[in-house]
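All ligand and atom numbering here is 1-based and tracks the order in the structure.
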Amino acid sequence: MAERILTGIKPTGQLTLGNYIGVLKHLHKEVDRGECFYFIADLHALTLPIEPEVLRQNSIDLACFYLAAGLDPKKVTLFLQSSVSAHAELNAIMQNYLYMGELSRMTQFKDKSAKMKENAIGLGLFAYPVLMASDIILYDASIVPVGEDQIQHVELTRDLVNRINNRYGDILTMPKAEMRKVGARIMSLSDPTKKMSKSDPKGDIFLKDDLAVIRKKIMSAVTDSGSEVKYDVENKPGISNLLTIYAALKEISIEEAEKEFVNSRYGDFKKAVADVVCAEMEVFQKKYREILESKAYEEVLKEGAIKANKIANITLKRVKKAVGLLNID
Ligand code: ATP
Ligand code: LTN
């Protein structure tokens with residue numbers, strides 16, 4: 001069977017440059033490697049409080065972002081997670097094969113729940129990796145492109161696949177996470193020791209920010225003492241993050257980026273980073289607006305749902321049969 005490539009993004013807020021560099025920018029190239037399934041993880045967005053109208057708008061935005069990033073809907077299947085009920089059904093089965101201990105060790109759960117009152121932490125937040133594993137398993141995905149923060153969840157999915165295959169025979173495909181060499185973890189511009197995160201928006205560049213705002217944010221990004229533009233995450237986290245952004249967008253290595261700025265001052269370097277980010281965002285934002293206005297995403301999501309349902313239901317049937325649930329149709 002050809003490779004299947006799958007990833008999801010949550011419509012929890014405005015997408016950031018981290019999401020773009022870490023994943024979104026590169027998804028269109030995957031069509032050369034196999035069949036691509038990309039989705040809007042709207043069920044996952046419910047794991048933290050969100051207003052219904054905000055969720056709706058974010059979901060539309062995200063569909064437009066996927067398309068603006070160059071996805072060809074004839075070549076990839078783009079869909080809403082909630083439009084394929086097999087995700088929730090497989091989740092109901094898989095939740096019995098992942099354990100409380102392993103779920104409570106997930107960094108994302110620990111980080112997000114640490115900021116909440118105990119009686120406001122939903123079960124869905126805790127059980128998040130079960131649904132994510134179900135997302136991956138349903139499409140027999142072998143490649144899962146993600147940012148660094150999601151590696152732990154994909155590893156847990158691999159454990160689950162092993163567990164199920166050992167118990168019921170080889171019924172599931174083993175997935176593998178894939179990260180970008182450059183840009184798998186873009187850091188906050190105001191605190192380069194923290195991940196740029198859309199649900200914690202200090203120091204973020206949002207994909208919908210005005211170009212002038214983007215430029216301003218980059219020019220006032222926290223830098224480090226010294227004056228050399230050098231990649232040194234420990235001693236120069238701010239400069240290293242900007243070098244990463246620059247290299248990732250220009251699709252060059254960090255070493256090549258460093259060479260371009262050997263004799264530059266911080267100010268000139270930041271201006272060059274801002275130029276590259278703004279040039280890329282200008283094109284991206286124009287496409288986004290066109291897709292939003294034309295509502296081209298509506299048809300894409302409808303067709304995506306039909307295709308995704310077909311594939312997902314095949315796996316669901318296989319799993320139901322293996323665990324002993326009667327298929328009566
Ligand atoms: P939240 O902050 O709400 O948890 P998120 O941005 O981490 O959101 P998603 O929108 O679902 O979560 O992430 C989409 C993809 O972007 C994931 O593969 C994630 O690993 C990647 N990603 C997120 N933040 C960054 C970042 N700062 N650098 C690189 N990749 C990132
Ligand atoms: N958990 C991911 C979003 C996500 C995902 C997936 C990514 C949900 N399901 C399946 C890859 C494959 C996140 O928080 N960024």
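Annotation for ligand 1: atoms under 4.0 Å from non-hydrogen atoms of Gly183 are 29 (C). Against a heavy-atom cut-off of under 4.0 Å, Val146 is close to the following atoms of ligand 1: 18 (O). Close approach of ligand 1 to Lys112 (heavy-atom distance below 4.0 Å) involves ligand atoms 1 (P), 2 (O), 3 (O), 4 (O). If you number the atoms of ligand 1 from 1 as listed, the ones under 4.0 Å from a heavy atom of Ser197 come out as 1 (P), 2 (O). For ligand 1, the atoms lying closer than 4.0 Å to a non-hydrogen atom of Lys195 are 5 (P), 7 (O), 23 (C), 24 (N), 27 (N). For ligand 1 and Gly22, the ligand atoms under 4.0 Å from any heavy atom of the residue are 29 (C), 30 (N). Distances below 4.0 Å separate heavy atoms of Thr12 from the following atoms of ligand 1: 3 (O). Under a 4.0 Å criterion applied to the non-hydrogen atoms of Gly18, ligand 1 contributes the atoms 25 (C), 26 (C), 27 (N), 28 (N), 29 (C), 30 (N), 31 (C).
Using a cut-off of 4.0 Å between Lys/Arg side-chain N and Asp/Glu carboxylate O, Glu256 and Lys259 are scored as not salt-bridged. Under 4.0 Å is where a charged nitrogen must lie from a carboxylate oxygen, and between Glu30 and Arg33 at least one such pair does. Checked for salt-bridge contact, Arg215 and Asp275 meet the test: a charged N lies under 4.0 Å from a carboxylate O.
Ring to ring, Tyr297 and Tyr66 are not that close: their centroids are 6.0 angstrom or more apart.
Contacts with ligand 1 closer than 4.0 Å are made by side-chain heavy atoms of Val23 only, the backbone lying farther away. Residue-level proximity to ligand 1 for Ile186 is carried by backbone and side chain together, each with a heavy atom below 4.0 angstrom. The part of Arg185 lying near ligand 1 is the backbone, judged by heavy-atom distances below 4.0 Å. Under 4.0 Å from ligand 1, not a single heavy atom of His44 appears. With a heavy-atom cut-off of 4.0 Å, Ala184 touches ligand 1 through its backbone alone.
Under the 3.5 Å distance criterion, with hydrogens and angles disregarded, no donor-acceptor pair is assigned to the side chains of Glu35 and Tyr139. Thr16 and Asp204 form no side-chain donor-acceptor contact under 3.5 Å, judged by distance and modelled atom types alone. For the residue pair Tyr266 and Asp224, no side-chain donor N or O sits within less than 3.5 Å of a side-chain acceptor on the partner. Under 3.5 Å, the side chains of Asp159 and Asn162 contain no donor-acceptor pair of N or O atoms. For the residue pair Glu255 and Tyr231, no side-chain donor N or O sits within less than 3.5 Å of a side-chain acceptor on the partner.
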Give every donor-acceptor pair under 3.5 Å between a side-chain atom in residues 116-130 and any protein atom, sequence neighbours left out.
none

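Under the 4.0 angstrom criterion for non-hydrogen atoms, Gln108 is not in contact with ligand 1. The closest approach between any non-hydrogen atom of Gly13 and ligand 1 is not below 4.0 Å. Not close to ligand 1: Pro11, with no non-hydrogen atom less than 4.0 angstrom away.
Here's the thing with Met196: one of its N/O atoms is less than 3.5 angstrom from an N/O atom of ligand 1. For Gly8, no nitrogen or oxygen atom sits less than 3.5 Å from a nitrogen or oxygen atom of ligand 1, counting backbone and side chain alike. Checked by distance only, ligand 1 and Thr7 stay at 3.5 Å or farther apart across all their nitrogen or oxygen atoms.
In the hydrophobic clustering, Leu55 connects to Leu46, Ile50, Val54, either directly or through intervening members, whenever side-chain heavy atoms lie under 4.5 Å apart. Using a 4.5 Å cut-off between side-chain heavy atoms of Ile, Leu, Val, Met, Phe, Trp and Tyr, Val213 forms no hydrophobic cluster with any other residue.
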Which protein N or O atoms sit under 3.5 Å from any N or O of ligand 2? Give each pair with its distance.
| unit_1 | atom_1 | unit_2 | atom_2 | d |
| --- | --- | --- | --- | --- |
| ligand 2 | 1 (N) | Tyr128 | OH | 2.6 |
| ligand 2 | 1 (N) | Gln150 | OE1 | 2.9 |
| ligand 2 | 9 (N) | Asp135 | OD2 | 2.7 |
| ligand 2 | 14 (O) | Lys10 | NZ | 3.3 |
| ligand 2 | 14 (O) | Tyr128 | OH | 2.7 |
| ligand 2 | 14 (O) | Gln150 | NE2 | 3.2 |
| ligand 2 | 15 (N) | Gln150 | NE2 | 3.4 |

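Side-chain contact check for Val144 versus Glu178: every heavy-atom pair is 4.5 Å or farther apart.
Within a 6.0 Å sphere centred on NZ of Lys307, heavy atoms belonging to other residues, nucleotides or ligands number more than 12.
Under the 3.5 Å distance criterion, the side-chain polar atoms of Lys236 are left unmatched by any main-chain donor or acceptor of Val229.
When the heavy atoms of Gln150, Gln14, Lys10 are ranked by distance to atom 12 (O) of ligand 1, first place goes to Lys10. Comparing heavy-atom distances from atom 22 (N) of ligand 1 across Val144, Leu24, Asn19 singles out Asn19 as nearest.
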Report the C-alpha distance between Asp42 and Ser82 in whole Å, list the side-chain angles of each, state the deciding distance to 0.1 Å, and finish with yes or no for side-chain hydrogen bond (donor to acceptor under 3.5 Å, both in side chains). CA-CA 6 Å; Asp42 51 357; Ser82 62; 2.5 Å; yes
